[in-house]
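Following: one structure in structure tokens, then a few remarks.
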Amino acid sequence: MDRTWYGGSRLRSTRWAAEHGLNLLSGNIVTGEGTDDFTTAQLTLISEYRRAISDGRPARVALGRVIVPFDSADATTRARYRDYAAGRHRRTLAPQGDKRILFAPDVVGTAEQILEQLAADPVVSAVSELRLELPYEFHRADYEQILHDVRHLIAPELGWRPAAETASADSPDGRSEATGSARGTGPAAVPA
């Protein structure tokens, strides 16, 4: 069960994940139960999960954020990324629809700006892992550029190391038990 994650965006699904001993993944979409504030809603979900998880079971929580660095992008691509985030910003200002869906703002900018935003996000400091979420509408070259910038400019500042470095540090023979996220097998998840 240690590698099994359940995406919870509502209190009910978060409790279910805890009651079944699953790790919790909370992304950039949650339900506004009792609040119109995304951060408050997400912190409430995490608190409820930790309250409901059985004693002795680690309460592993990963956080997903749409992160779009543009350090190595050209000027046209940077403008397109900014326009993308601006076009989605309005949905972050109030609950959406009958189910009161709340959205986190996209994290777009230079690596330095992104690291500042992540450091200021109280939810990031409340979790053990951070998951990179990519926009759906981009082109392959965009994803390659984003992953490159995350890999080289953001993830190392958050404590992530490539698997080869992790493996040599973990055991005398250079082999590692690492199979995922925070241990360094890819930029998709880094310790928060």
Any chance you could measure [X], atom [atom1], to [Y], atom [atom2], to the nearest 0.5 Å?
| X | Y | atom1 | atom2 | answer |
| --- | --- | --- | --- | --- |
| Asn28 | Glu133 | CG | CD | 4.5 Å |
| Arg88 | Asp83 | CZ | CG | 13.5 Å |
| Asp149 | Thr110 | CG | OG1 | 10.0 Å |
| Ser26 | Arg65 | OG | CZ | 7.0 Å |
| Ile114 | Leu153 | CD1 | CG | 9.5 Å |
| Asp36 | Arg100 | CG | CZ | 4.5 Å |

Looking at every non-hydrogen atom in both residues, tell me the closest pair between [X] and [Y] and how far apart they are.
| X | Y | value |
| --- | --- | --- |
| Val150 | Pro69 | CG2-CG, 3.7 Å |
| Arg3 | Trp5 | O-CD1, 3.4 Å |
| Ala111 | Asp71 | N-OD1, 2.6 Å |
| Gln96 | Ala94 | NE2-O, 2.8 Å |
| Glu137 | Tyr143 | N-OH, 3.8 Å |
| Ser13 | Gly8 | OG-CA, 3.4 Å |

In one Ile/Leu/Val/Met/Phe/Trp/Tyr side-chain cluster, 4.5 Å: [X], [Y]:
| X | Y | answer |
| --- | --- | --- |
| Leu45 | Leu22 | no |
| Ile29 | Ile46 | no |
| Val127 | Val107 | yes |
| Phe38 | Leu43 | no |
| Phe103 | Leu130 | no |

If a pair satisfies salt bridge (Lys or Arg N to Asp or Glu O under 4.0 Å) and one of its residues is in residues 37-51, list it, with sequence neighbours excluded.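 For residues 37-51: Arg15-Glu48, Glu48-Arg51.
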Are the side chains of Ile154 and Trp160 in touch, meaning some heavy atoms are under 4.5 Å apart? no
Show your reasoning for whether side chain to side chain contact (heavy atoms under 4.5 Å, CB included) applies to Gln42 and Leu63. CA-CA 10 Å; Gln42 195 161 52; Leu63 175 66; 3.4 Å; yes
Do the ring planes of Tyr84 and Phe138 sit parallel (below 30°), tilted (30 to 60°) or perpendicular (above 60°)?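 The arrangement is perpendicular - the two ring planes meet at more than 60°.
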What do you reckon, is CZ of Arg12 surrounded by more than 12 foreign heavy atoms closer than 6.0 Å?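 Not more than 12 within 6.0 Å, no.
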Decide if atom CD of Glu144 counts as having more than 12 heavy atoms of other residues, nucleotides or ligands within a radius under 6.0 Å. yes
Would you confirm whether [X], through its side chain, and [Y], through its main-chain N or O, come within 3.5 Å as a donor-acceptor pair?
| X | Y | result |
| --- | --- | --- |
| Arg10 | Thr31 | no |
| Tyr6 | Gly21 | no |
| Glu19 | Ala17 | no |
| Asn23 | Val61 | no |

Test applied, side chain to side chain contact (heavy atoms under 4.5 Å, CB included); reference residue, Val68; option that passes from Asp142, Leu132, Val108: Val108
Thr44: which of Thr39, Leu11, Thr14, Val30 passes side chain to side chain contact (heavy atoms under 4.5 Å, CB included):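 Between Thr44 and the candidates, side chain to side chain contact (heavy atoms under 4.5 Å, CB included) is satisfied uniquely by Leu11.
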Might you work through the side chain to side chain contact (heavy atoms under 4.5 Å, CB included) test for Tyr81 and Gln145, ending with a clear yes or no? CA-CA 12 Å; Tyr81 290 170; Gln145 175 268 308; 2.6 Å; yes
